Every structure is written in C-alpha cells, then in structure tokens.
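Below is one structure, written out as structure tokens; comments come after it.
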Amino acid sequence: MKNNIGWIIAGIIVLVIIFSCFLSNKQKKKDSIDEVELMSGKHNVVINIKNYGEIALELDADIAPITVTNFIYLVNKNFYDGLTFHRIIKDFMIQGGDPSGDGTGGSQTKIKGEFASNGVENSISHVRGVISMARGRDNDSASSQFFIVHKDSKFLDGDYAAFGHVTDGMEVVDKIAEDAKPIDDDGFVSSANQPVIESIKVID
C-alpha cells in the first residue's frame with residue numbers, strides 16, 4: 001500500500017513538472033512578436049513626454065497591421081519608457097524610440113515595411129501629425145524607431161510605413177520642434193537635450 005502511495009505521489013509530481021513546462025513554453029511564445037496575432041481596427045495610445053505633456057494618437061491596424069501590432073507590442077512591454085526623441089528637424093518631423101539614443105538602435109525584431117515601394121498598399125499620407133516608422137536602407141529594417149510629421153512631407157509617401165495620426169497634442173509636437181537644438185544637418189540632438197518619453201500607454 002505504501003509503495004502504491006509513493007508511486008501516486010511520484011506520478012503527481014511528474015504531471016506538475018510537465019504542466020509547468022507547458023505553461024513556460026506558452027509564455028515564451030507570448031514574449032515573441034513573431035507569435036503575436038496581427039491586430040485590426042483602430043487603437044489609441046498616449047505618449048507622455050517629460051516637461052512637455054501628452055500626444056494622443058489613433059493607430060490604424062487595418063491599413064498597417066504589422067506596424068501597429070509591433071508598436072503596441074513594444075508599448076505593452078514598456079519598451080519605450082525612458083527613451084527619447086533623438087532626431088528633431090523643425091518643419092519636418094520628430095523622431096524617437098531608439099534605445100541607443102543615436103539612431104542606431106532598435107528592438108530585437110525588424111518588421112516588413114508596409115508601403116507601396118515594398119509591395120504593400122498604404123493610403124496614409126505623410127501630412128502634419130501622422131506617425132510613421134523610421135528605417136534604414138533595407139525596406140524591411142524598421143524596428144522600434146518612429147517619427148511624427150511636423151509639417152506635410154508627402155515625398156515620404158510610398159517609402160515609409162505611416163500607421164496613424166495625432167488626435168490631440170500637436171502643440172506638444174510644435175513645442176518640441178521649436179525647442180530643438182540639433183547639432184548637425186541631420187537633426188541629431190545631443191543626449192542632454194533629447195526630450196524624454198516617460199511612457200506610452202494604450203488607452204483602448
């Protein structure tokens with residue numbers, strides 16, 4: 001009888017271990033953007049910028065599902081909290097979301113560029129207040145860096161993945177662009193003067 005009880009206890013322990021491993025593997029999948037289901041519809045986020053205030057945006061996952069899913073995935077991981085706007089060009093755009101703070105960094109994932117020259121239809125034009133993804137020369141090199149258009153820049157249409165627009169707080173974008181003190185023609189701002197993203201939150 002005692003032996004039977006021992007085997008029963010051992011069996012329960014084995015089942016607990018197997019179940020724990022299953023949950024662990026399932027959680028690991030959720031921790032990878034590659035395992036996240038693409039979003040659809042409209043989604044609202046708020047960027048809180050230290051000493052400046054809030055910028056509210058509506059993101060369109062029907063037009064740019066990969067881009068919006070990646071952005072919100074990073075937001076929910078608190079990836080952007082404490083990062084900065086490192087590249088600011090008045091009358092053009094403000095760019096942020098780089099963990100390196102110098103334009104060279106990103107997250108662990110690069111995503112497909114959702115724009116016409118990359119074979120993807122995207123009807124969002126780069127007008128004032130639109131948010132879009134920064135990238136390198138490779139069409140599929142966007143990662144975490146994004147920019148908000150300060151003044152109409154439609155020449156970017158077809159080559160960059162726009163994915164939403166500002167619904168409130170353009171005065172904050174204006175103030176950041178006005179205060180910027182870039183140290184080169186490319187708009188790079190020294191680390192001491194880069195506006196800090198205190199948080200980005202999904203509000204719907």
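Quantities reported herein were computed from a predicted structural model and do not represent experimental measurements.
Distance alone, capped at 3.5 Å, places no donor-acceptor pair between the S125 side chain and the K154 backbone. Remark: side-chain polar atoms of N122 are paired, donor with acceptor, to backbone N or O of E114 under 3.5 angstrom. The closest donor-acceptor contact from the side chain of D62 to the backbone of G41 lies under 3.5 Å. In this structure, D98 contributes its side chain and Q145 its backbone to no donor-acceptor pair below 3.5 Å. Checking side-chain atoms of N118 against main-chain N and O of G113 turns up a donor-acceptor pair under 3.5 Å. Judged purely by atom type and a 3.5 angstrom limit, D60 uses its side chain to pair as donor or acceptor with the backbone of I63. The backbone N or O of G101 lies less than 3.5 Å from a partner atom in the side chain of Q194, making a donor-acceptor pair. In this structure, S40 contributes its side chain and L38 its backbone to no donor-acceptor pair below 3.5 Å. A donor-acceptor contact shorter than 3.5 Å is absent between the side chain of S143 and the backbone of G106. A donor-acceptor pair under 3.5 Å is formed between the side chain of S107 and the backbone N or O of T109.
In this structure, CZ on R135 lies 9.0 Å from CG on D140, to the nearest 0.5 angstrom. L156 CG to F115 CZ: the interatomic distance, rounded to the nearest 0.5 Å, is 11.0 Å. Going from atom CE of M93 over to atom CZ of F85 covers 10.5 Å, rounded to the nearest 0.5 Å. Rounding to the nearest 0.5 angstrom, the gap separating the OG atom in S199 from the CD1 atom in I49 is 9.5 Å. With values rounded to the nearest 0.5 angstrom, T84 atom OG1 is found 13.0 Å from E198 atom CD. Taking CD1 from I72 and NZ from K201, the interatomic distance works out to 13.5 Å, rounded to the nearest 0.5 Å.
R87 and D186 are joined by a salt bridge, as a carboxylate oxygen and a charged side-chain nitrogen come within less than 4.0 angstrom of each other.
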* Please lay out, stage by stage, how I111 and T67 fare under the test side-chain contact (heavy atoms from CB on, under 4.5 Å). => CA-CA 7 Å; I111 60 174; T67 307; 4.2 Å; yes

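P195 and Y52 get closest at one heavy-atom pair: CB-CE1, 4.1 Å. Heavy atoms only, all atoms of each residue included: V166 and L57 are closest at CG2-CD2, 3.8 Å. Across every non-hydrogen atom of I131 and H165, the tightest pair is CG2-N, 4.1 Å. Nearest heavy-atom pair across V75 and I200 is CG1-O, 3.2 Å. Across every non-hydrogen atom of K42 and D204, the tightest pair is O-OD2, 3.4 Å. The two residues P99 and S144 have their closest heavy-atom pair at CD-OG, 4.0 Å.
Checking N44, T69, V45 one by one against L59, the side chain to side chain contact (heavy atoms under 4.5 Å, CB included) holds for a single residue, V45. Just one residue in the list R128, K151, K90 forms a salt bridge (Lys or Arg N to Asp or Glu O under 4.0 Å) with D174, and that residue is R128. Applying ring-ring contact (aromatic ring centres under 6.0 Å, His included) to F146 and the options F79, Y160, Y80 leaves one that passes, Y80.
Within 6.0 Å of the CG atom in D138, the count of heavy atoms belonging to other residues, nucleotides or ligands exceeds 12. Counting non-hydrogen atoms of other residues, nucleotides and ligands closer than 6.0 Å to NZ of K112 gives a total above 12.
Under the 4.5 Å side-chain heavy-atom criterion for ILVMFWY residues, no single connected hydrophobic cluster contains both V196 and V189. Criterion: ILVMFWY side-chain heavy atoms under 4.5 Å apart, direct or through other members. Under it, V127 and I89 are part of a common hydrophobic cluster. Residues F92 and V173 fall into different hydrophobic clusters, defined by Ile, Leu, Val, Met, Phe, Trp and Tyr side chains chained together at heavy-atom separations under 4.5 Å. Hydrophobic clustering (side-chain heavy atoms under 4.5 Å, transitive across Ile, Leu, Val, Met, Phe, Trp, Tyr) groups F71 together with Y73. A continuous path of ILVMFWY side-chain contacts below 4.5 Å connects V36 to F163, so both sit in one hydrophobic cluster.
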